[in-house]
Amino acid sequence: MDELQPLMVQRLRKVNELKKEGTNLFPNDFRVEKTCEDLVNRFGQATPDELKMVKESFSLAGRIMAMRDFGKAAFIHIQDRRGKIQVYVRSDRVGKKSFGLFKKMDIGDFMGITGTLFRTKTDELTLDAESIRLLTKSMRPLPEKWHGLRDVETRYRQRYLDLLVNPKVKEIFTKRTRIIQLIRQFLDARDFLEVETPMMQPIPGGATARPFKTHHNALDMDLYLRVAPELYLKRLVIGGFERVYEVNRNFRNEGISTQHNPEFTMLELYQSYATFEDLMALTEEMVCFIAQNVLGGLALEYQGGKIDLSPPWKRLTVKEAILQWGRIDSKTLQDYDKALKYAQGLGIPLEKGIPPGKIITELLDEIVEPHLIQPTFVTHYPTDVSPLSRRNQDHPDLVDRFELYIAGKEVANGFSELNDPVDQRERFIKQLEQGNVGEMEGHRLDEDFLHALESGMPPTAGEGIGIDRLVMLLTDSPSIREVILFPLLKPQRE
RNA sequence: GGGCCGUUAACUCAGUCGGUAGAGUAUCUGCCUUUUAAGCAGAGAGUCGCUGGUUCGAGUCCAGCACGGCCCA
């Protein structure tokens with residue numbers, strides 16, 4: 001315990017008094033029958049007279065969140081996982097001994113109550129306690145009831161307090177779980193199989209990102225936390241799991257921002273005999289299914305802007321998109337030097353020698369992305385920045401790939417998969433030669449994956465959806481830290 | 001990495017021109033058996049993020065550092 005603060009000293013005094021009286025401060029034999037929500041759902045509409053007819057007693061437990069003391073009686077609010085209910089504790093009903101114990105309870109303590117229901121003068125459904133138990137004594141005070149906990153840093157560092165006193169925060173994380181449940185429900189119903197693939201990989205593959213490194217002592221082997229599960233999921237497709245998905249964490253050793261946390265949650269799915277177009281349809285359907293269930297409709301507000309998820313979503317090619325919002329014509333865009341100069345003129349720090357496709361995607365991020373507020377699929381990316389995507393039949397320098405943008409954020413990335421092992425080998429080698437990947441620690445030619453691909457992968461389409469960003473969108477959260485329970489923060493200096 | 005902002009009681013926040021550190025909630029004491037931000041009366045509670053500087057005197061001005069937020073790269 002840190003240096004004893006006055007408030008803790010006062011609580012410790014009560015603790016010692018209770019111990020001396022023989023009270024167990026941490027019992028675990030109270031039987032909980034109901035949640036607050038159960039009682040509100042069942043009796044919330046009942047009139048005072050109807051409640052008088054209910055002779056039944058109910059037992060519930062929870063944390064004391066508010067207390068209004070009248071000397072020989074008190075009103076308190078009890079909060080459990082499903083809600084809150086008011087409890088009336090009076091000396092003449094619970095008995096003098098229990099009431100003496102109650103007087104030593106604090107906001108923040110856990111309490112078990114058995115009682116009957118009534119309605120107060122001010123019409124609030126209230127449990128009239130006939131017996132009470134202290135279930136856990138708390139030693140520190142909770143944040144203030146009215147303003148709650150506002151300090152962002154404390155909210156993240158002491159998320160338990162944030163969850164306790166800020167109901168909206170609890171709601172966001174409940175929604176997050178609901179969203180992931182709905183994803184599973186949606187994909188399971190379409191005969192996708194959920195799998196788990198390695199988090200620790202000898203070669204980090206599937207995305208261009210700096211990995212976290214770790215070491216296995218017994219094998220004396222360096223390992224990397226995965227930046228994507230892609231190459232393992234494809235191995236499973238090769239192994240005959242024609243429809244697979246995984247919802248789990250990826251790790252990227254890069255910057256932190258309102259859009260980026262070093263560990264983040266991704267859905268990746270693979271469907272054999274499907275194309276990137278099939279996956280656009282699936283994405284549209286799945287996101288609408290989730291929104292319908294979580295929001296009750298397809299209209300939502302994100303940070304003051306209105307977003308309509310009603311299908312069909314807009315689709316346009318990368319080229320069309322750049323020509324629409326950029327001040328550049330088709331001919332200039334196709335000329336490497338001119339396109340590079342144009343990009344540099346916009347303040348994008350690019351050096352000569354970068355792959356042509358990189359100019360295109362940088363331009364996309366810079367001039368198109370902010371405009372893509374309503375859901376939009378941008379399609380047909382350059383091949384040289386899409387090493388795992390299948391080439392377009394008619395334009396081999398483009399791939400059958402899409403990215404989904406909503407509210408100016410990249411939410412999904414999918415493509416028809418490259419299943420030609422010879423082409424794949426060449427593209428891996430080219431990627432590594434280009435430096436930005438090759439120089440990144442751990443990235444090297446994954447012979448084991450190529451070996452698998454040489455055994456034959458059926459025509460397949462795959463996609464990744466950023467779950468954190470999807471949750472941000474559906475909960476109107478401005479920062480990724482609002483949708484991750486314990487976002488990464490630097491340790492606090494003592 | 002750069003710019004701007006923040007850090008004061010357990011929580012939410014004031015703090016004027018540099019001159020004894022403030023409020024509400026919470027806590028403690030007393031009264032109170034239908035309150036709900038209960039009420040009334042009283043009390044206690046501070047390393048003003050940290051380190052240094054300027055000054056007779058620093059929460060306040062200056063520099064550096066830490067952590068966080070927003071924006072930019």
Side-chain angles (χ1 to χ4, degrees), chain A residues 1-15 17 48 51-52 64-79 84-96 98-99 102-109 115-130 137-162 164-166 254-261 303 343-344 346-351 362 365-366 370 408 477-482 486-494:
Chain A
M1 221 171 291
D2 42 84
E3 66 313 328
L4 287 177
Q5 291 149 351
L7 293 176
M8 284 185 75
V9 172
Q10 272 159 353
R11 290 209 179 191
L12 278 173
R13 210 182 64 213
K14 289 184 192 174
V15 163
E17 285 169 12
L51 286 175
K52 269 178 203 155
I64 304 173
M65 297 303 287
M67 223 184 232
R68 292 174 290 280
D69 182 13
F70 285 84
K72 291 192 183 61
F75 287 96
I76 62 178
H77 269 103
I78 288 286
Q79 179 173 296
K84 263 187 204 181
I85 198 162
Q86 181 167 257
V87 176
Y88 190 36
V89 185
R90 44 195 173 112
S91 175
D92 59 2
R93 184 137 196 231
V94 300
K96 269 193 180 142
S98 279
F99 201 78
F102 172 72
K103 282 291 202 178
K104 293 197 174 73
M105 293 191 198
D106 291 298
I107 291 173
D109 291 357
T116 51
L117 287 167
F118 76 110
R119 210 168 261 290
T120 62
K121 280 180 185 168
T122 49
D123 210 31
E124 180 165 348
L125 182 69
T126 301
L127 194 64
D128 189 2
E130 55 194 41
K137 188 83 194 112
S138 65
M139 306 284 183
R140 291 180 188 273
L142 291 183
E144 191 220 1
K145 61 187 169 187
W146 191 241
H147 298 91
L149 184 62
R150 293 274 179 77
D151 184 78
V152 182
E153 190 175 347
T154 312
R155 284 185 45 230
Y156 297 158
R157 287 194 198 277
Q158 289 166 256
R159 187 67 98 177
Y160 46 94
L161 294 179
D162 191 25
L164 267 176
V165 303
N166 295 325
E254 290 169 359
I256 296 179
S257 77
T258 51
Q259 311 293 318
H260 300 89
N261 194 64
Q303 301 300 298
Q344 288 167 335
L346 292 171
I348 308 171
L350 293 175
E351 282 172 33
E362 288 290 333
D365 289 351
E366 178 70 22
S477 301
S479 164
I480 196 168
R481 295 184 198 99
E482 294 294 333
F486 300 101
L488 187 69
L489 298 178
K490 286 198 195 178
Q492 221 168 5
R493 209 167 51 92
E494 281 302 316

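Please read these numbers as outputs of a predicted model, since none were measured by experiment. Chain identifiers are assigned alphabetically (A, B, ...) following the order of the sequence lines, protein sequences preceding nucleic acid strands; residue numbering begins at 1 within each chain.
- With P as the reference atom, B:C48 and B:A9 are 9 Å apart, rounded to whole Å.
- For the C1' atoms, the distance linking B:C72 with B:G53 amounts to 32 Å, nearest Å.
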### Task
Kindly express the pairing pattern of RNA chain B in dot-bracket notation, using | wherever a base pairs with another strand and counting only Watson-Crick or G-U pairs under 3.5 Å.
(((((((..((((.....[..)))).(((((.......))))).....(((((..]....)))))))))))).
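- In plain terms, the two heavy atoms of A:Pro143 and A:Val165 that are nearest each other are CD-CG1, 4.1 Å.
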### Query
Base, backbone or nothing for each nucleotide of nucleotides 23-34 of chain B, written B, S, -, heavy atoms under 4.0 angstrom, 5' to 3'?
-BBSSS---BBB
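- In this structure, CG of A:Asp162 is placed 14 Å from P of B:C11, rounded to the nearest angstrom.
- As rounded to the nearest Å, B:U7 and B:A14 have C1' atoms that lie 15 Å from one another.
- B:G18 and B:C61 have their C1' atoms separated by 8 Å, with the value rounded to a whole Å.
- Distance from the side chain of A:Arg150 is smallest for B:C13 among the nucleotides B:G69, B:A10, B:C13.
- Rounding to whole angstrom units, CZ of residue A:Arg159 and P of B:G68 are separated by 14 Å.
- Both A:Ile256 and A:Ser479 lie close to RNA chain B; mapped to their nearest nucleotides by heavy-atom distance, the more 5′-ward contact belongs to A:Ser479.
- Taken to the nearest 0.5 Å, the CZ atom of A:Arg119 stands 12.0 Å off from the NZ atom of A:Lys52.
- To the nearest angstrom, C1' of B:U35 lies 18 Å from CE of A:Met65.
- A distance of 3.5 Å separates NZ of A:Lys14 from CG of A:Asp106, quoted to the nearest 0.5 Å.
- The two residues A:Ser257 and A:Arg481 come nearest to each other via the heavy atoms O-NH2, 3.8 Å.
- As rounded to the nearest Å, B:G44 and B:U29 have P atoms that lie 15 Å from one another.
- In this structure, a donor-acceptor pair under 3.5 Å is absent between the side chains of A:Tyr88 and A:Glu124.
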### Message
What verdict does the salt bridge (Lys or Arg N to Asp or Glu O under 4.0 Å) test give for A:Lys72 and A:Asp92, after you've listed the backbone C-alpha separation in whole Å, the side-chain angles of each residue and the deciding distance to 0.1 Å?
### Response
CA-CA 8 Å; A:Lys72 291 192 183 61; A:Asp92 59 2; over 6 Å; no
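- The NE2-P distance, from A:His260 to B:C71, rounds to 13 Å in whole Å.
- One can place CD of A:Gln158 at 11 Å from C1' of B:C11, the figure rounded to the nearest angstrom.
- Of the N and O atoms on the side chains of A:Ser138 and A:Asp109, at least one donor lies less than 3.5 Å from an acceptor on the other residue.
- Contact detail for A:Glu366 and A:Leu346: the closest heavy-atom pair is OE2-O, 4.2 Å.
- Whole-Å rounding puts the A:Met8 CE to B:A45 C1' distance at 15 Å.
- Using modelled atom types, one finds a donor on one side chain and an acceptor on the other under 3.5 Å when comparing A:Gln86 with A:Arg68.
- Nucleotides of RNA chain B nearest to A:Arg481 and A:Glu124 differ in position, and the one nearer the 5' end is that of A:Glu124.
- Taking atom C1' in both B:G59 and B:G15, one finds a spacing of 8 Å when rounded to whole Å.
- Atom-to-atom, CD of A:Gln259 to P of B:C72 comes out at 11 Å; the value is rounded to the nearest Å.
- Nucleotides B:A21 and B:C4, compared at atom P, are 31 Å apart to the nearest Å.
- Rounded to whole Å, the C1' atom of B:A45 lies 15 Å from the corresponding atom of B:G24.
- Sorted by first and then second residue, the salt bridge (charged side-chain N to carboxylate O under 4.0 Å, His left out) pairs with a member in residues 142-154 of chain A read A:Glu153-A:Arg157; sequence neighbours excluded.
- Contact annotation: side chain of A:Gln86 to base of B:U35, donor-acceptor pair present below 3.5 Å.
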